[in-house]
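A quick write-up on the structure given underneath.
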Amino acid sequence: MKRPKRRKRLLAALGILLGLILVLLLVLPLLFKDKIAAGVKTAANDNLTAKVDWRDLSVSFFRHFPHLSVRLDDLTVANEGRFTGDTLAAIHGLDVVVSLPSMLSSVIGGGGGPIVVHGVTLDQPRLSLITLPDGTVNWDITKKPAQPPEPGPHGPGMAISLQKFEIKNGAVTFDNRRTKLRATLKGYNQSLSGDFSQKQVAVQTRASADTASVVFAGIPYLNRVRLGLITDAQADLANKSFALQHSELSLNDLKLNVSGSAKSTGKLLGLDLTFNAPSTNFRSILSLVPAIYAHDFDKLKTSGSFSFLGKVKGEYGDSAFPAFQLNAKVNNAAFQYPDLPLPARDIIMELALSNPGGSPDSTVVQLDRFHMRLGQNPVDAGLVVKTPVSDPDVDFRVKGRVDLADVRKTVKLQGIDQLAGTIAADAAVR
């Protein structure tokens with residue numbers, strides 16, 4: 001009779017102990033929430049030349065049990081100084097998931113191992129990155145210490161092992177007013193994984209954007225294209241270098257293989273990259289035309305060949321610009337919608353972008369030849385742009401005749417039911 005009673009007492013004791021543990025896991029974050037929030041905010045504002053604020057901070061052991069989860073809601077980073085009034089970042093939610101045993105071992109036990117961060121997630125971040133004409137950037141917000149910090153009793157600093165970083169539905173604007181380059185990403189998602197506590201790291205990243213646009217010196221190179229990126233790389237964190245093992249960049253239906261390496265040296269980034277398009281189908285490059293890609297692109301009939309080659313080599317930074325060469329060619333191409341009567345045909349294009357390095361102002365855009373026939377009317381054009389940043393030197397020529405009724409019979413234009421008239425040109429602008 002005694003044994004069953006002991007068993008019941010033992011089970012009751014275990015139940016009470018488990019209940020106490022659950023209560024502690026629920027209550028402890030609430031008890032220390034305000035102290036944690038005040039400490040984090042003070043540390044951030046003491047070490048940054050920007051004002052950091054948020055609406056709410058929550059700490060939980062249950063959101064990602066058994067790991068510790070910290071979430072900041074409506075986090076903002078507002079610039080000061082020359083960028084006062086600008087918001088560097090506005091993030092709907094920042095989630096950090098930390099291994100509690102690793103944190104206790106590193107902080108309290110002095111175990112010497114890294115704090116394992118299982119994941120950092122930015123939910124709906126809005127980032128605005130600005131470079132002024134003199135090279136000043138708004139994301140350089142870390143205060144410079146008067147003297148380097150002395151090593152603690154357990155080494156030079158606390159080691160952190162980040163395993164995964166994720167961005168969900170972000171929007172990014174990059175506005176370089178020095179080089180007149182502006183790029184935007186909307187609906188941006190990215191995942192980055194790897195054990196960054198090691199010196200040699202196998203890195204995997206997957207990224208996509210609903211729309212990506214790039215304008216350089218007033219010329220749009222990408223206009224609301226769908227972006228995708230798959231990259232597997234080997235990172236040497238000790239030497240700050242990355243070797244691409246497999247990388248594919250997709251712009252709408254255009255896919256580019258990317259190979260090479262990148263290395264950070266001080267404030268400069270050394271690049272040695274090559275690009276090529278594995279597909280020779282004209283359809284790939286045609287997908288970059290927004291008016292065509294937006295309407296029944298999957299039904300479009302195409303013919304003709306296309307090639308794309310490119311390379312970038314040199315250092316990039318405030319005082320350096322790499323050399324690059326990009327060449328695209330289209331030969332004897334045509335396209336037609338099955339429910340429209342006229343094709344666009346005899347399409348030929350030879351386009352080259354080049355820069356010997358040193359300055360973005362040395363970029364040359366050269367459209368040696370463009371030819372297309374709409375209906376019975378041919379159109380020929382050519383373009384050369386030099387010194388696009390300081391004083392654009394433009395040499396543009398066009399000759400041809402376009403019946404606007406033929407345009408309506410060739411391309412699907414949203415919101416336009418009728419087009420009439422004729423455009424004839426034989427002109428040059430220099």
Side-chain angles (χ1 to χ4, degrees), residues 29 32-33 36-48 50-78 87-107 113-129 138-142 157-174 185 187-209 229-233 235 237 240 242 264:
F32 294 100
K33 174 183 172 181
I36 293 174
V40 172
K41 190 171 293 187
T42 299
N45 288 311
D46 284 348
N47 290 278
L48 301 177
K51 185 178 180 180
V52 179
D53 202 358
W54 54 80
R55 177 178 56 82
D56 186 40
L57 180 147
S58 60
V59 183
S60 173
F61 290 102
F62 295 102
R63 190 178 296 132
H64 296 279
F65 188 81
H67 307 304
L68 176 66
S69 174
V70 180
R71 178 179 172 88
L72 297 175
D73 290 306
D74 295 332
L75 170 67
T76 59
V77 182
T87 299
L88 172 62
I91 304 171
H92 178 67
L94 168 62
D95 280 291
V96 181
V97 181
V98 183
S99 166
L100 185 60
S102 71
M103 185 172 68
L104 294 175
S105 174
S106 179
V107 177
I115 295 178
V116 178
V117 180
H118 288 279
V120 175
T121 301
L122 304 182
D123 181 22
Q124 300 179 44
R126 302 293 182 263
L127 307 178
S128 178
L129 309 176
N138 71 332
W139 62 85
D140 185 11
I141 58 174
T142 304
M158 186 180 297
I160 296 178
S161 172
L162 174 62
Q163 296 186 344
K164 187 174 183 180
F165 175 79
E166 192 172 15
I167 295 175
K168 295 182 177 179
N169 192 25
V172 182
T173 300
F174 178 71
L185 297 174
Y188 182 66
N189 297 279
Q190 181 178 6
S191 64
L192 176 69
S193 61
D195 187 354
F196 293 93
S197 66
Q198 306 297 317
K199 293 182 178 180
Q200 301 287 334
V201 186
V203 179
Q204 290 186 334
T205 185
R206 306 291 184 263
S208 65
L229 177 66
I230 298 174
T231 297
D232 297 326
L237 299 185
K240 298 182 180 179
F242 298 84
S264 177

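Side chains included, hydrogens not; waters and symmetry mates left out as well; all remaining heavy atoms used.
Closest approach of I141 and L88 over heavy atoms only: CD1-CD2, 3.9 Å. Of all heavy-atom pairs spanning N189 and G187, the tightest one is ND2-O, 3.3 Å.
In this structure, NE2 in H92 is found 12.5 Å from CG in L122, a value given to the nearest 0.5 Å. Within the model, atoms CG of D73 and CG of L75 stand 9.5 Å from one another, a figure rounded to the nearest 0.5 Å. With values rounded to the nearest 0.5 angstrom, I91 atom CD1 is found 9.5 Å from D123 atom CG.
With sequence neighbours excluded, the residues satisfying salt bridge (Lys or Arg N to Asp or Glu O under 4.0 Å) with R206 are D232. With sequence neighbours excluded, no residue forms a salt bridge (Lys or Arg N to Asp or Glu O under 4.0 Å) with D195. The side-chain contact (heavy atoms from CB on, under 4.5 Å) test applied to K164 returns E166, S191, not counting sequence neighbours. Not counting sequence neighbours, the partners of A233 by the side-chain contact (heavy atoms from CB on, under 4.5 Å) test are T231, L244. Legend: residues meeting side-chain contact (heavy atoms from CB on, under 4.5 Å) with Q190, ordered by chain and number and at least two apart, are I167, Y188, T205, A207. Residues satisfying the side-chain hydrogen bond (donor to acceptor under 3.5 Å, both in side chains) criterion with S208, sequence neighbours excluded, are absent altogether.
A donor-acceptor distance shorter than 3.5 angstrom exists from the side chain of N138 to the backbone of S128, with no hydrogens or angles considered.
Using a 4.5 Å cut-off on side-chain heavy atoms (C-beta onward), R71 and L94 make no contact. Proximity of V98 to V70: side-chain heavy atoms (C-beta onward) are nowhere separated by under 4.5 Å.
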